[in-house]
Amino acid sequence: MGLTGGCWAAVGLLLAAALPLRAQNIRYDTQKTVAVPDYSTIRIGQFYSTIAFHAAVSYRYTRSSGEGSDYLIDGERGRIREDGSDFPLVMALDFRNYVPLSKHSDVDISVRVAYRYFPMETQENEWTVTVPDESITANFSTSYQLSRNLQGILYDKIEYRTDYVDTRGFEDDAGGQQYSRLQNRVGTTLTWLLTPVSDLIFDLYRRDVIVTDNQEEFGNQERVEYHEGVTYQRRFFETIRAGVRAGATQRDFSDKDRADTTQYDYDIFVGGSEGGGIPITEATTLSLSIGTSVGKADSTDTTESEERTTINGSATLRTQ
């Protein structure tokens, strides 16, 4: 016998209540008007909740050269255990819990339970329980229009957040070391409407990262980042969106013993017209992507030059 959506949401509430939720995310956004979430299947006063299941099967190829690094990169600290091919399998349950505070602010107290399986053993398999980052975020933005077909957003996103990171660099809310920092990202996104069904998007920003405590362990994460990106996308059949993306990110670290890095990303994607997945049914969507990422670290007196190339593709099926 299957459970109804409302029953699933109730199960999610019970599990969320049983987990040690020591974190919550308070968000403020001048561009966002808080409304009743479309995803909610249960409401208790101002508390909205639902449960969603995610399954993803991907192909990943990794090749690294150079000395390697023990720094945090994309949430990981330490080298991937083995280079080569793998087929990561990820299954997750999301318990989304949401409390509106005002017209432009809300609180996220969600929980994700996931299992990550690497059949070729390039990384260790693991269970993860993720709660929202201990963070306060504020997004101040304004829109502008240069012509009828050229419009953009100028923004300043400020975030103070805390993660708990284990010796491998993975998030570990139970036993990881506290990694707190202040991040400020200033930039602009410019959209050029080429035709009624296609557009070109330019993205430029600068991000400053300042570590606020545990300098001995994480002081080498302080940096300034510059990013330049361009995306071409086209809409097909009203509900399908496809396109290509390319971007470059330069990271200049304050630690003089650490090499500055440059990373190039290229990918092709297919998804839903509204930025999500392709609708298969009212409750199920599918997203596809394939891409490559090439990173290079500049040489210093104490660090050998390092390169890292990753090729990946994924198909993500989401049902609720």
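Note that the numbering runs from 1 along the sequence shown for the chain. Computed from heavy atoms alone, side chains included, the values below leave out hydrogens, waters and symmetry copies.
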remark   = CD1 of I278 to OG1 of T284, rounded to nearest 0.5 Å, is 13.0 Å
ask   = Can M91 be reached from F118 by stepping across I, L, V, M, F, W or Y side chains whose heavy atoms are under 4.5 Å apart?
value = no
Side-chain H-bond candidate by donor/acceptor type, T162 with Q178, under 3.5 Å = no
request  = Identify which one of L204, L154, T231, I201 satisfies the side chain to side chain contact (heavy atoms under 4.5 Å, CB included) criterion when paired with T189.
outcome  = I201
key: More than 12 heavy atoms of other groups within 6.0 Å of F236 CZ   = yes
ask   = Are any of the side-chain heavy atoms of Q263 and S293 separated by less than 4.5 Å?
value = yes
request  = Output the distance between atom OG1 (T137) and atom OH (Y160), rounded to the nearest 0.5 Å.
outcome  = 14.0 Å
ask   = Mind checking what makes side-chain contact (heavy atoms from CB on, under 4.5 Å) contact with I290, not counting sequence neighbours?
value = I268
ask   = Between R207 and R223, does a side chain to side chain contact (heavy atoms under 4.5 Å, CB included) hold up when you go through it step by step?
value = CA-CA 8 Å; R207 183 170 72 155; R223 63 191 180 275; 3.5 Å; yes
Ionic contact status for K157 with E159, cut-off 4.0 Å = no
request  = Provide the closest heavy-atom pair for V244 versus F269 in the form atom of the first, atom of the second, distance.
outcome  = N-CE2, 3.8 Å
message = For M120, is there any backbone N or O sitting under 3.5 Å from a side-chain donor or acceptor partner on D86?
response = yes
ask   = Which atom names give the shortest non-hydrogen contact between R241 and G272, and what distance separates them?
value = NE-O, 3.0 Å
key: Under the ring-ring contact (aromatic ring centres under 6.0 Å, His included) test, residues paired with Y266 that sit two or more places apart   = none
note = Residue set satisfying side-chain contact (heavy atoms from CB on, under 4.5 Å) with R181, at least two apart, ordered chain then number -> R161, D163, Y179, Q183, V209
key: salt bridge (Lys or Arg N to Asp or Glu O under 4.0 Å) against R234, all qualifying residues, sequence neighbours excluded   = none
task = Give the minimum heavy-atom separation between F87 and P119, together with the two atoms involved.
result = O-CD, 3.2 Å
note = Here the gap from T195 atom OG1 to L200 atom CG, rounded to the nearest 0.5 Å, amounts to 11.0 Å
ask   = Just wondering, are more than 12 heavy atoms of other shown residues or ligands nearer than 6.0 Å to CD in E216?
value = no
message = Minimum heavy-atom separation for V211 and Q215, please, with both atom names.
response = O-NE2, 2.8 Å
request  = Side-chain contact test, heavy atoms from C-beta onward, threshold under 4.5 Å: evaluate it for L193 versus Q151 and give yes or no.
outcome  = yes
task = Kindly write out the residues that satisfy side-chain hydrogen bond (donor to acceptor under 3.5 Å, both in side chains) with S147, not counting sequence neighbours, or none if the list is empty.
result = none
task = Taking all heavy atoms of P279 and all of T285, pick out the closest pair and write down the distance.
result = CA-CG2, 4.2 Å
request  = Return the set of residues passing salt bridge (Lys or Arg N to Asp or Glu O under 4.0 Å) with D213 (not counting sequence neighbours), or none when no residue passes.
outcome  = none
key: Nearest heavy atoms of F253 and R258, plus distance in Å   = CE2-NH1, 3.2 Å
ask   = Quick one: side-chain hydrogen bond (donor to acceptor under 3.5 Å, both in side chains) partners of R235, sequence neighbours excluded?
value = none
query = Are I280 and F237 joined in one hydrophobic group, where the rule is that I, L, V, M, F, W and Y side chains link up if heavy atoms are under 4.5 Å apart?
reply = yes
query = Cluster question for you: counting only ILVMFWY and a side-chain heavy-atom cut-off of under 4.5 Å, with indirect links fine, are I240 and L288 together?
reply = yes
For D265, all residues meeting salt bridge (Lys or Arg N to Asp or Glu O under 4.0 Å), sequence neighbours excluded = none
key: From E225 atom CD to D252 atom CG, the distance as rounded to the nearest 0.5 Å   = 9.5 Å
Nonpolar side-chain network containing Y226, other nodes, edges under 4.5 Å = V224
ask   = Going only through I, L, V, M, F, W and Y residues with side-chain contacts under 4.5 Å, is there a path from I153 to F202?
value = no
task = Spell out, yes or no, whether V90 and V113 are grouped together once hydrophobic residues are joined by side-chain heavy atoms under 4.5 Å, including indirect joins.
result = no
message = For the CG atom of D260 and the OG atom of S254, what is their distance to the nearest 0.5 Å?
response = 9.5 Å
query = Got a sec, which residues hit ring-ring contact (aromatic ring centres under 6.0 Å, His included) with Y232, two or more places apart in sequence or on another chain?
reply = none
key: salt bridge (Lys or Arg N to Asp or Glu O under 4.0 Å) partners for D199, two or more places apart   = none
request  = Take N125 and Y115 through the test side chain to side chain contact (heavy atoms under 4.5 Å, CB included) and record every step on the way to the result.
outcome  = CA-CA 8 Å; N125 304 327; Y115 181 68; 3.5 Å; yes
remark   = side-chain hydrogen bond (donor to acceptor under 3.5 Å, both in side chains) filter on T188, not counting sequence neighbours, yields Y144
query = When the ring planes of H227 and Y205 are compared, do they come out parallel, tilted or perpendicular, using 30° and 60° as the limits?
reply = parallel
ask   = What distance separates L182 CG from I158 CD1, expressed to the nearest 0.5 Å?
value = 7.5 Å
